[in-house]
Amino acid sequence: MNATTIKGNWNEMKGKLKQEFADLTDDDLLYVEGKEDELYGRIQKRVGKSKDEVKKMIADL
């Protein structure tokens with residue numbers, strides 16, 4: 001999944017992630033263009049999954 005896809009659908013994806021992982025906060029899911037790796041890192045830390053698992057999880061939404 002590339003940055004354009006994430007940017008275009010982020011509000012919808014963010015809602016789905018929050019439903020699945022109640023521990024995620026709005027700050028965890030703050031999307032800043034050009035800082036996708038930081039976003040993956042915050043999610044990874046919060047849900048306890050690897051970076052590849054997080055990327056796959058987001059791609060599957």
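Everything numeric in this text was worked out from a predicted model, so none of it was measured.
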CZ of Phe21 to CZ of Arg46: how many Å apart, nearest 0.5 Å?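 Taking CZ in Phe21 and CZ in Arg46, the distance rounds to 12.5 Å.
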Measuring from Lys16:NZ to Asp60:CG, what's the distance to the nearest 0.5 Å?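 Interatomic distance, Lys16 NZ to Asp60 CG, rounded to 0.5 Å: 10.5 Å.
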How close do [X] and [Y] get, heavy atom to heavy atom, and via which atoms?
{"X": "Leu29", "Y": "Trp10", "value": "O-NE1, 2.9 Å"}
{"X": "Tyr40", "Y": "Val54", "value": "CD2-CG1, 3.9 Å"}
{"X": "Lys49", "Y": "Gln44", "value": "O-CG, 2.6 Å"}

Could you walk me through whether Leu17 and Leu61 pass the side chain to side chain contact (heavy atoms under 4.5 Å, CB included) test, one step at a time? CA-CA 8 Å; Leu17 284 169; Leu61 290 178; 3.7 Å; yes
Please determine whether side chain to side chain contact (heavy atoms under 4.5 Å, CB included) holds for the pair Val32 and Leu30, giving the CA-CA distance in whole Å, both sets of side-chain angles, and the decisive distance to 0.1 Å. CA-CA 6 Å; Val32 177; Leu30 181 65; 4.2 Å; yes
Would you check if [X] and [Y] make a side-chain contact, meaning some heavy-atom pair closer than 4.5 Å?
{"X": "Lys18", "Y": "Thr25", "result": "no"}
{"X": "Leu24", "Y": "Lys14", "result": "no"}
{"X": "Tyr31", "Y": "Asn11", "result": "no"}
{"X": "Asp23", "Y": "Val47", "result": "no"}

Can [X] and [Y] be counted as an ion pair, charged N to O under 4.0 angstrom?
{"X": "Asp52", "Y": "Lys56", "answer": "no"}
{"X": "Asp28", "Y": "Lys45", "answer": "no"}
{"X": "Arg42", "Y": "Glu38", "answer": "yes"}

